[in-house]
Each structure stands twice: as C-alpha cells, then as structure tokens.
Amino acid sequence: MRIRVINPNTTASMTTLIEASARAVAGPGVVVEGVTPAMGPASIESHYDEALSVPGLLAAIAAGERDGADGYVVACFGDPGLDAAREIAAGPVVGIAEAAMHAATLLGRGFSVVTTLARTRGRALDLAVRYAPAGACRGVWACDIPVLDLDRDPAALARVVAVARQALARDGSDVIVLGCAGMAAFCAQVSAELGVPVIDGVSAATLLVQSLITLGLRTSKRDEYAAPLPKTYIGPLTEFGIMRSC
Ligand code: 2AL
C-alpha cells in the first residue's frame, strides 16, 4: 500500500517532518511518500496562500495517480483543495483538519484547536462547522507563531503548551487539536504536559487513509466527486485542463 502525504506548501524541510510523523504511525508494509509540490507558497497562513497552494497540490495528486498511489493525505490544516483532489483521485483523500476534528469528536465532548497566526482562526472555525457536530469545537486559539518558525523557534513548544492549557481552561474542552502540520512533532509532549488527548492531524489522517484502503474503500465517483468535465484551461493553467486522471 502506498500513501502519498502531500504538504501543500513548498517548504521541503517541513515535508520531511510531516513524512516522519506519518511514517511513525503507518502500519507494516505501508509505504509513506512525502511530497512537496513544484509550485505554491512557502507556507500557508492566509486565504491567498491557501488558494494558490491548490494548483500545486492538484498536480501532485495527478502525479500520484499516474504513479499508482493508493491514497493521499492533504497535510495542511486548512485542508486546501480537498474536494477538488477527490475529483481526480481514485483512492481516498483525507485532510488533516478533517481527520483530527473527527477523531476529537470520538475522544471527548468538546475540543479546542491551537493554530498558528490569529488570521487562520476563521478557516479552522469554518472547517469545524463542516466536520464536527454543533458545539463540539469549543474554541480556536492562536499561538501567534508563523508556520515556518514552529521548528526553528526554541520557545514554540512551550508556547503551544501554554495556549493549549489556556484553551482547555477557558473553553471547558477535554481534547486538543493541533492546528498546523508543523506542530506534528509536538503532539506527545503537549499531551504529556496537559494530560488530555492531543491530536496531530498528520498521524490521524495517515491512519484513516490506511484504514480506508485496507477496507477496500475508494472515493465515490457516482456524483459530486466524479472526474471534472473536460474543458479548456488557458494561460499558466493550460496543463490543468488535461491532467484529469480518473
Ligand atoms: C498550516 C499548515 O498546516 N501548513 C501550513 O503551511 N499552514 N496551518 C496553519 N494553521 O497555519
């Protein structure tokens, strides 16, 4: 079984960390391949970044289809391009916010998300409406650390722990969701400090994709997630008119 874990931002060192988190949980015989897209923003922390990460992500999914990948993780907490990715993938595609929030609802009554910059809170709140029953997401808190500083700021882990502790107290929640793929390596330490389940979406999504593939389940092509209709794309997007693969 081959699972492609796509980091929708173009920072290869972050892909390496994401791949390590996915490999650490994947079962025996599962090949985890981290992918950095060939185009897009260095990090994703605005709606603009997120929109412009999608072409590179979709090109990576199309390449995965050509290479015979069995399933995909979209490893950015905004779940950019997730529905479009499903339209061109045969196997399952799972976003890390999707996996983490669903897992959180199985482990407690209410969860809080700790994200990077305050401006990313809105996207996380929108996704919580989609993925969690009303009231299950009790708050989204920003640690005010930019994505690419998470692994180079020595104070980042302590800051995430402090914000998560405050979130638990203020929200009355009992589960923490880490709101960035760049926080994956913090998961065990944050959980040990706080004594509650802490969910890294990279690990959760990897195991969810693995489970779906093991169950023989693939993306439904009956209706909404069928291949997009053939049409012409022009300009820098010309190749996207012909990249549909299923
Ligand atoms: C993210 C993420 O997971 N990757 C990225 O570039 N930005 N999320 C976030 N909340 O900033």
Side-chain angles (χ1 to χ4, degrees), residues 4-22 34-58 60-61 72-82 85 93-104 111-132 137 139-153 156-157 159-161 163-164 167 176-187 190 198-206 208-209:
R4 290 222 164 149
V5 179
I6 303 171
N7 170 19
N9 79 41
T10 51
T11 299
S13 58
M14 188 163 158
T15 307
T16 302
L17 295 174
I18 288 169
E19 186 182 62
S21 297
V35 177
T36 307
M39 64 180 113
S43 64
I44 300 165
E45 43 203 9
S46 66
H47 295 293
Y48 185 84
D49 296 339
E50 187 170 305
L52 291 174
S53 74
V54 174
L57 168 83
L58 295 178
I61 299 269
Y72 304 88
V73 171
V74 176
C76 170
F77 201 78
D79 289 359
L82 181 61
V93 187
V94 176
I96 66 170
E98 180 177 52
M101 290 190 194
H102 279 107
F111 65 88
S112 302
V113 178
V114 178
T115 184
T116 54
L117 304 183
R119 63 184 302 158
T120 68
R121 291 181 63 248
R123 177 68 179 160
L125 287 163
D126 287 348
L127 292 178
V129 170
R130 174 168 174 171
Y131 300 141
C137 177
V140 179
W141 297 69
C143 68
D144 289 321
I145 300 172
V147 173
L148 298 183
D149 284 352
L150 285 167
D151 74 329
R152 56 190 183 205
D153 177 350
L157 171 61
R159 174 86 184 132
V160 170
V161 169
V163 172
I176 292 292
V177 168
L178 298 178
C180 180
M183 296 177 185
F186 297 168
C187 189
V190 180
V198 176
I199 303 170
D200 154 42
V202 175
S203 314
T206 300
L208 196 44
V209 170

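Order of listing sets the numbers, starting from 1, for every ligand and every atom in it. Bear in mind that the values here come from a model prediction, so they are computed numbers and not experimental data.
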Fill in the blank from the handout: the protein heavy atom lying closest to atom 7 (N) of ligand 1 turns out to be I44 O, 2.6 Å
Practice task
List the atom of A142, the atom of V163, and the distance in Å for their closest heavy-atom pair.
Solution key: O-CG1, 3.9 Å
Handout entry: Pair R123 + E50: basic N to acidic O under 4.0 Å
Key = yes
Problem - 4.5 Å side-chain heavy-atom contact, V35 and Y72 - result: no
Problem - Expected output: side-chain R159 to main-chain C143 donor-acceptor under 3.5 Å - result: yes
Handout entry: For T115, the ligand 1 atoms whose distance to one of its heavy atoms is below 4.0 Å
Key = 10 (N)
Handout entry: Test item: D79 side-chain N/O and E98 main-chain N/O as donor-acceptor pair under 3.5 Å
Key = yes
Fill in the blank from the handout: Of all heavy-atom pairs linking L148 and S43, the shortest is CG-CB, 3.8 Å
Problem - Min N/O separation S43 to ligand 1 under 3.5 Å - result: no
Exercise for the section: Please could you name the atoms of ligand 1 that A181 approaches to less than 4.0 Å, counting only its heavy atoms? Expected result: 2 (C), 3 (O)
Practice task
Could you find the nearest protein heavy atom to atom 9 (C) of ligand 1 and give me its residue, atom name and distance?
Solution key: T116 OG1, 3.4 Å
Handout entry: Sub-3.5 Å N/O-N/O distance, E45 and ligand 1
Key = no
Handout entry: Residue pair T120 / T115, side-chain donor-acceptor N/O under 3.5 Å
Key = yes
Completion exercise
Quick note on ligand 1: atoms under 4.0 Å from a heavy atom of M14 include exactly 4 (N)
Fill in the blank from the handout: Candidates G95, P80, C180, G179; heavy atom nearest atom 10 (N) of ligand 1 found on G179
Exercise for the section: Identify which of G40, P8, C76 has a heavy atom lying nearest to atom 2 (C) of ligand 1. Expected result: C76
